[in-house]
2 protein chains.
Amino acid sequence: MMQKITMLDVAKAANVSKSTVSQYINKRYEYMGEETRKKIKEAIDTLGYQPNYLARSLKQKRTSMIGIIVANIMHRFSTEVIRAIEDYCHSQDIHAIICNADDDPDKEKKYINMLKAKQVDGLILFPTGANTSLYEQMIKEEYPVVIMDRKIHDVKGKIPSVVANNQEATKQAILHLLELGHKHIAIITEPLTITPRIERVEGYKEALTSANMPVNESMIINCKKADMQKALEKLFAADNPPTALLAGNDLVFIEVQKFIKQHGFNIPNDLSLIVYDNIPYADVATPAVTTISQPAFDMGTKAADLLIKQILKEKIAYEEYQYECELIIRETTLSH
Amino acid sequence: MMQKITMLDVAKAANVSKSTVSQYINKRYEYMGEETRKKIKEAIDTLGYQPNYLARSLKQKRTSMIGIIVANIMHRFSTEVIRAIEDYCHSQDIHAIICNADDDPDKEKKYINMLKAKQVDGLILFPTGANTSLYEQMIKEEYPVVIMDRKIHDVKGKIPSVVANNQEATKQAILHLLELGHKHIAIITEPLTITPRIERVEGYKEALTSANMPVNESMIINCKKADMQKALEKLFAADNPPTALLAGNDLVFIEVQKFIKQHGFNIPNDLSLIVYDNIPYADVATPAVTTISQPAFDMGTKAADLLIKQILKEKIAYEEYQYECELIIRETTLSH
DNA sequence: TTGTAAGCGTTATCAA
DNA sequence: TTGATAACGCTTACAA
């Protein structure tokens, strides 16, 4: 490996001191002689000097890096949020390190500690919810954090969070199906371990109740993806099978599609379908998929903004920032 | 902000010196008294000390971070490669920083320099190809780099690269269409600015030639995504419109789908379709999409492995590591 | 307008 | 078995 060029090398070559080179690097030209400036520039160019941000960060106690700990990177929603965060951060010359926690509290803990050890300036967290003491500790340390997607009741008012209004969006979606004349509407989600899923099921119930329809528990499936085929079998083998189905997220939708394809269902004639979450081919698929779209880009940008404001010690409200979702009616929903 | 606990604080609390604490942190217990060990552990726990990896990195000249500069993160292929790289890196306690260069040489240059300034231990690069002098410089510096997806002729033998056998895969796909009886086969890609696209078109031509079929240039579309609708209009308005089409990547496929949907084509009856690249819903879509699948996971893992070996100064061959793709025949291809 | 010197939190070399 | 002390490459008072 070629010997690394340091600031001292530049200083020697330009016949000035380290500090003067440092001034130059940091563009503090005000009190710098034209001559000196030129000498330094030349030295830098001929030596091919590149500053070491690591050393700078150590001194300045600021790395210009943030960490993102995402629950499951395979969700389209996560990808879009991350993309938005990155765009915003890059515009501010901040780098993001992304970690995938796989909804595993141990991994989450490991990553939080590792990122803090790396001295990242702050954290955006899709929390598992199972590391309350860690969250509390970060609050005590006044470590900049933003919570994303899931609500953590214990830290309310202490850590700002960016969430969707899942309940209302689901309610509206189900109301739409009711308006179309559907009497038997099912919902399928993964296990109710995090708030968005709970809220979506709540919204489902609220819609039925508000329309004076009975809530039939057999129409509510909450199980792991691996068990969904069996659950769907059972659902559609029952006496009054659903004529409409809400898939709780994009990955659940794949399971539903698999089932539908295997059983030769015709969508939307045999079954109306709504998917919670953006899916990339919703528009151009045949039939185009009716979805509930989360404003992922806005949410990601907001989270980045809230984090950076905290890092810069600007005032923010430590509250829940809630975003409305949009029901985009396409071709998989039909009146019954 | 709470005062940060440093190694010195721990040393004082445990009544030992900094160096002893450092030994402890680095698990060099060999010559350490049982008593000392216990005192240090206690001090760390009560103070909640966390080592500062920044300082360690500065000293050790190793950050345990690598950079990934990806051409366009919106491609499914990129996502899968990144995911594989991350998985492999995490298994080695290495963090990856991902940057999206948008196929823009200026951005690429900016990111390369920034990541090097951050002292990342190495770089995995989906190169634009337009920064040869930068690539050359990294070779001179013996900076660990792996090139991904695209070939850069100038650095052959100097930087290892991980690529797909695009030409062969495309040839096989076209031969399959020919076997199905198609006489008019078209291919649509983005502009021929990078090797994979060039090779795919070459494979297309090679297939036709080897089957003694004429190569009709009007069947080869290479244009920006924004111009594809118009190009497709023209293609299908011609005298002998194609009965089969190969979409050059997943994002091109979306353009094709848009066109198909707008014009009410029936797939595969009106048109057989093959997509180069994995697409997430290929299997469960109706009709299921015939694709050419790149071994993204293997390629990503290999790239990470090659990079880490370089970082650890292990010997590797500085050559092109070429991976075969697989034609997965599903339902969008029909005999004609 | 530029230089000196201390310090950021570690690790590494030696000495004790 | 442990401790002093000098790096690592930069920034920043403060002095000149």
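Note: hydrogens, waters and symmetry copies are ignored here, and every other heavy atom, side chains too, is used. The chains referred to below are lettered A, B, ... by the order of the sequence lines, with proteins before strands, and numbering in each begins at 1.
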Distance-only criterion, 3.5 Å: show the donor-acceptor pairs between side-chain atoms of residues 47-54 of chain A and protein atoms not counting sequence neighbours.
unit_1: A/Gln50; atom_1: NE2; unit_2: B/Asn113; atom_2: OD1; d: 2.8
unit_1: A/Asn52; atom_1: OD1; unit_2: A/Leu54; atom_2: N; d: 2.7
unit_1: A/Asn52; atom_1: OD1; unit_2: A/Ala55; atom_2: N; d: 3.2

Distance in angstrom units between [X] [atom1] and [N] [atom2], rounded:
X: A/Gln119; N: C/dG9; atom1: CD; atom2: P; value: 9 Å
X: B/Gln50; N: C/dT10; atom1: CD; atom2: C1'; value: 15 Å
X: B/Arg62; N: C/dT10; atom1: CZ; atom2: P; value: 19 Å

Just to verify, what does [X] make a side chain to side chain contact (heavy atoms under 4.5 Å, CB included) with, not counting sequence neighbours?
X: A/Tyr318; answer: A/Pro160, A/Gln310, A/Ile316
X: B/Gln322; answer: B/Lys151, B/Val163, B/Asn165, B/Glu324
X: A/Met114; answer: A/Lys110, B/Asp93, B/His95
X: A/Glu30; answer: A/Arg28

Discussion item. According to salt bridge (charged side-chain N to carboxylate O under 4.0 Å, His left out), who are the partners of B/Lys309, at least two apart in sequence or on a separate chain?
Written reply: B/Asp305
Item to complete: Could I get the full list of salt bridge (charged side-chain N to carboxylate O under 4.0 Å, His left out) partners for B/Arg150, not counting sequence neighbours?
Response: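 Expected list: B/Asp103.
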Fill in: side-chain contact (heavy atoms from CB on, under 4.5 Å) partner of B/Ile69, the single match among B/Leu115, B/Asn100, B/Ile97, B/Ile124
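It is B/Leu115, the one option of B/Leu115, B/Asn100, B/Ile97, B/Ile124 that forms the side-chain contact (heavy atoms from CB on, under 4.5 Å) with B/Ile69.
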Practice prompt. Please list, chain by chain and in numerical order, all residues satisfying ring pair (Phe, Tyr, Trp, His ring centres under 6.0 Å) with A/Tyr29, sequence neighbours excluded.
Written response: A/Tyr24
Practice prompt. For each nucleotide in nucleotides 3-8 of chain C, reading 5' to 3', give B when a protein heavy atom comes within less than 4.0 Å of its base, S when such contact involves only the sugar-phosphate, and - otherwise.
Written response: BB--BB
Worksheet item: Near DNA chain D, under 4.0 Å by heavy atom, which residues of residues 24-33 of chain B?
Response: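 Of all residues in residues 24-33 of chain B, the ones placing a heavy atom under 4.0 Å from DNA chain D are B/Tyr31, B/Met32, B/Gly33.
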Fill in: Contact list for residues 96-142 of chain A, test ring pair (Phe, Tyr, Trp, His ring centres under 6.0 Å), sequence neighbours left out
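Output for this query lists A/Tyr111-B/His90.
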Worksheet, complete the sentence: chain A reaches DNA chain D, atoms under 4.0 Å from its heavy atoms, from D/dG9 to D/dT12
